[in-house]
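Scroll down for the structure; my scribbles are underneath it.
First listed ligand is number 1; within each ligand, the first listed atom is number 1. Positions are given from 1 along the sequence.
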Amino acid sequence: MEIVSENKAHGGRQLVVKHASAATSSDMTFSIFLPPQAEAGEKRPVVWYLSGLTCTHANVTEKGECRAACAEHGLIFVAPDTSPRGDGVPDDPQGAYDFGLGAGFYVDATQEPYARNYRMWTYVTEELPQLVGSEFAADMTRQGITGHSMGGHGALTVALRHPGRFRSVSAFAPIVAPSQVPWGQKALGGYLGEDRAAWRKHDAVALIEDGARVDEILVDVGTSDTFIENELRPELLEQSCAKAGIDLTLRRQPGYDHSYYFISTFMAEHLRWHAERLKRG
Ligand SMILES: N[C@@H](CCC(=O)N[C@@H](CS)C(=O)NCC(=O)O)C(=O)O
């Protein structure tokens, strides 16, 4: 583990960390904010933030405005990268932004040439939690997860497939049914192949239809988000949660778009919502 940068902020410490990942057979970089309470040696809850297309750890770290709320509530905030990186890691054949580098979609690819490196599911669900749990003052019995867009899809699917691991789940403008939208169809087809049965395990709406459950979900999406109708389709999550009895709070925020101006506006509310659930019992 190599500390790439370290800055004091809000009485805590913002780190950027690089490590050799066995899951992705590449070096991976993530950011972690340690609140003042963790700096004082106390084990603190962890909120995972999975980012969207084209992002690295840096977008939310620099533009997400997460640190004041994390310091107030004593939350460790971890932001992984969105794909493997480096020499020899294959990209989209046309260099498109929505597949390959910056677009790992939080799956373990089975298709060539992606299967060796594109193992973001194993990375975010196994390898990185083990590293964070062993290297930092993290209370791994208290975890929450959130994310944006492709990372909102990641947060929902990871939570739905790990019952009991997360006490709180939220998302900003998530892709909720990747099997039914262009971004998701391209990614799931490219990484997992054309067998749609394999896609269902990486589709929040399909997982809920197939019986997966979380107690409650908070979702914010902007009404001026240009991806809302064709890629995000929050109404599909609304319908599946209503049918399944999942307590979904879906807030359509008037005039907000898909950007970090939107995310940063509601970040503190999401973190408070996580903190309330993470401090229970
Ligand atoms: N309009 C973007 C689509 C990708 C996009 O909007 N990415 C979102 C996540 S899905 C993002 O957070 N981008 C980076 C940023 O705003 O810092 C493009 O064509 O590159």
Decide, yes or no, whether a salt bridge links [X] with [Y] under the criterion of side-chain N to carboxylate O below 4.0 Å.
X      : Y      : result
Glu209 : Arg200 : yes
Arg233 : Glu235 : yes
Arg277 : Glu216 : yes

Other residues, nucleotides and ligands only: do more than 12 of their heavy atoms fall within 6.0 Å of NZ on Lys201?
no

Between Phe99 and Tyr114, ring centroids under 6.0 Å:
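Between Tyr114 and Phe99, which both carry aromatic rings, the centre distance is below 6.0 Å.
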
Can you confirm whether or not the ring centre of Trp183 sits under 6.0 Å from the ring centre of Phe227?
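For Trp183 and Phe227, the ring centres are under 6.0 Å apart.
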
Just need the protein heavy atom nearest to [atom], so name the residue and atom and give the distance.
atom                    : answer
atom 14 (C) of ligand 1 : Asn59 ND2, 3.4 Å
atom 13 (N) of ligand 1 : Thr54 OG1, 3.3 Å
atom 4 (C) of ligand 1  : Tyr97 CE1, 3.7 Å

May I ask you to identify, for His148, whether its side chain, its backbone, both or neither come under 4.0 Å of ligand 1 on a heavy-atom basis?
side chain

Relative to ligand 1, is Ser51 under 4.0 angstrom through side chain, backbone, both or neither, heavy atoms considered?
neither

Distance, nearest 0.5 Å, that separates OG1 of Thr146 from CD1 of Ile217
11.0 Å

Quick note on ligand 1: atoms under 4.0 Å from a heavy atom of Ser149 include exactly 10 (S)

State the atoms of ligand 1, each with its element, that fall below the 4.0 Å cut-off from a heavy-atom position in Gly52.
9 (C)

From atom 2 (C) of ligand 1, is the closest protein heavy-atom distance below 4.0 Å?
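No, there is no protein heavy atom closer to it than 4.0 Å.
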
Polar-atom distance check: Leu53 versus ligand 1, any N or O pair below 3.5 Å?
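Right, the criterion is met.
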
If you measure every N or O of Lys63 against every N or O of ligand 1, does any of those distances drop under 3.5 Å?
yes

Could you tell me if any non-hydrogen atom of Cys55 lies under 4.0 Å from any atom of ligand 1?
yes

Measuring from the heavy atoms of His258, does anything fall under 4.0 Å of ligand 1?
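Judged by the 4.0 Å heavy-atom criterion, His258 does count as contacting ligand 1.
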
Locate the shortest heavy-atom distance separating Ile228 from Gly222; write the atom from each residue and the value.
CD1-O, 3.6 Å

